[in-house]
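Residue numbers begin at 1 in each chain, while the letters A, B, ... track the order of the sequences.
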There are 2 protein chains.
Amino acid sequence: MSLPETELAVFMERLRESGIKLTHQRMEIFKEVASRMDHPDAASVYERVRERVPTISLDTVYRTLWMLKEAGLITTLGPAHDRLRFDANTAPHHHFVCTICGKTEDFYCDAFNSLNVPQEVNAIGVVERAQVELRGLCNACAKEETK
Amino acid sequence: MSLPETELAVFMERLRESGIKLTHQRMEIFKEVASRMDHPDAASVYERVRERVPTISLDTVYRTLWMLKEAGLITTLGPAHDRLRFDANTAPHHHFVCTICGKTEDFYCDAFNSLNVPQEVNAIGVVERAQVELRGLCNACAKEETK
DNA sequence: TTATTAAACAGGAATCATTCTTATTTAGTA
DNA sequence: TACTAAATAAGAATGATTCCTGTTTAATAA
């Protein structure tokens with residue numbers, strides 16, 4: 001529940017320098033998502049923040065989370081902003097995911113195929129497969145960016 | 001478009017040994033998803049298969065894709081069967097994802113923080129972050145499994 | 001080959017997450 | 001304290017996915 005002073009200060013500074021208004025709602029949403037070590041979905045953030053700000057809307061939660069992502073203060077899990085995708089490539093391979101358009105490309109790398117899983121993970125579960133996920137800008141989106 | 005004989009044989013054998021009926025629809029859906037190197041969503045598979053089997057339903061495509069995943073013939077991208085999740089952990093870390101329940105846990109590993117990205121990837125785009133994604137069974141689901 | 005039956009199917013309705021629209025409120029500034 | 005562009009709340013709309021129900025079919029055995 002407790003949040004380091006610095007994190008909150010970075011958040012406020014980041015908004016100010018981008019000319020984004022610092023609202024009560026944004027403050028509470030950021031505090032909520034930053035204080036949680038699980039990976040909450042929007043509905044879960046909404047439920048919790050609502051205890052403190054009963055009139056908040058789900059739409060505001062979504063808008064704020066995307067804004068935080070835009071500002072580089074949080075990230076999303078899974079292919080960005082996109083729907084479920086299926087993969088029939090059963091050979092060992094890895095993924096490059098564009099953080100803008102969500103495009104996912106396979107690539108191959110022997111070194112990545114034989115990663116040594118750390119002890120620590122055994123406490124969580126049994127690993128069946130290890131994949132490297134590279135996130136960045138694909139060439140098409142990089143071209144857009146330079147405008 | 002062409003699909004190695006062996007892949008199709010494995011598919012048919014896998015269904016037979018599980019007592020799952022080999023239908024025309026399942027055959028076409030598997031052939032479609034197995035022959036594509038992109039990562040199609042259900043709607044895209046549906047559109048393509050419909051050219052050959054005009055009466056097929058979207059529901060059948062979904063059911064069949066999940067069945068193929070259950071049988072280990074395909075995988076899904078992103079957190080399993082689940083919605084978009086947000087992550088405020090900005091420190092370098094990695095993920096363990098349970099393939100059954102979709103639960104995602106952070107873990108830390110210095111060796112994984114400094115992976116050498118292969119040349120090949122430069123042709124795709126610019127990498128901003130490298131994360132290892134371990135997939136497997138979490139302890140809770142493993143316990144369920146042993147029944 | 002034909003009959004039987006449980007499984008699978010098609011089609012449409014229902015659900016659920018996410019986004020959009022619009023009228024109202026508010027943070028930042030003068 | 002007043003002004004204004006930006007942000008909000010509420011509910012409608014959209015879009016993906018799943019459920020429901022009556023019909024069809026693959027697998028099996030006579």
**Residue B:E13 excluded, over 12 heavy atoms near CD under 6.0 Å** = yes
**Request:** Look at the rings of A:F107 and A:H94 and say which category their plane angle falls in: under 30° parallel, 30 to 60° tilted, over 60° perpendicular.
**Result:** tilted
**Prompt:** Out of B:W66, B:Y46, B:F30, which one pairs with A:F86 under the ring pair (Phe, Tyr, Trp, His ring centres under 6.0 Å) rule?
**Reply:** B:W66
**Request:** Step through the shown structure and confirm whether more than 12 heavy atoms of other residues, nucleotides or ligands are within 6.0 Å of CD on A:E70.
**Result:** no
**Asked** Looking at B:T23, does any N or O in its side chain come under 4.0 Å of the phosphate oxygens OP1/OP2 on C:dC9?
**Response** yes
**Asked** D:dA13 P sits how many Å from A:L58 CG, rounded?
**Response** 18 Å
**Asked** Between B:R26 and C:dA8, does any side-chain N or O lie under 4.0 Å from OP1 or OP2?
**Response** yes
**Distance in angstrom units between B:M12 CE and D:dA27 C1', rounded** = 13 Å
**Rounded distance (Å) that lies between atom C1' of D:dC19 and atom CG of B:D59** = 8 Å
**Message:** When you measure from the side-chain N and O atoms of A:Q25 to the phosphate of D:dA9, is any distance below 4.0 Å, counting only OP1 and OP2?
**Reply:** yes
**Contact under 4.0 Å: B:R63 side-chain N or O vs C:dC9 OP1/OP2** = yes
**Message:** Rounded to whole Å, please give me the gap between CD in A:E28 and P in D:dT8.
**Reply:** 13 Å
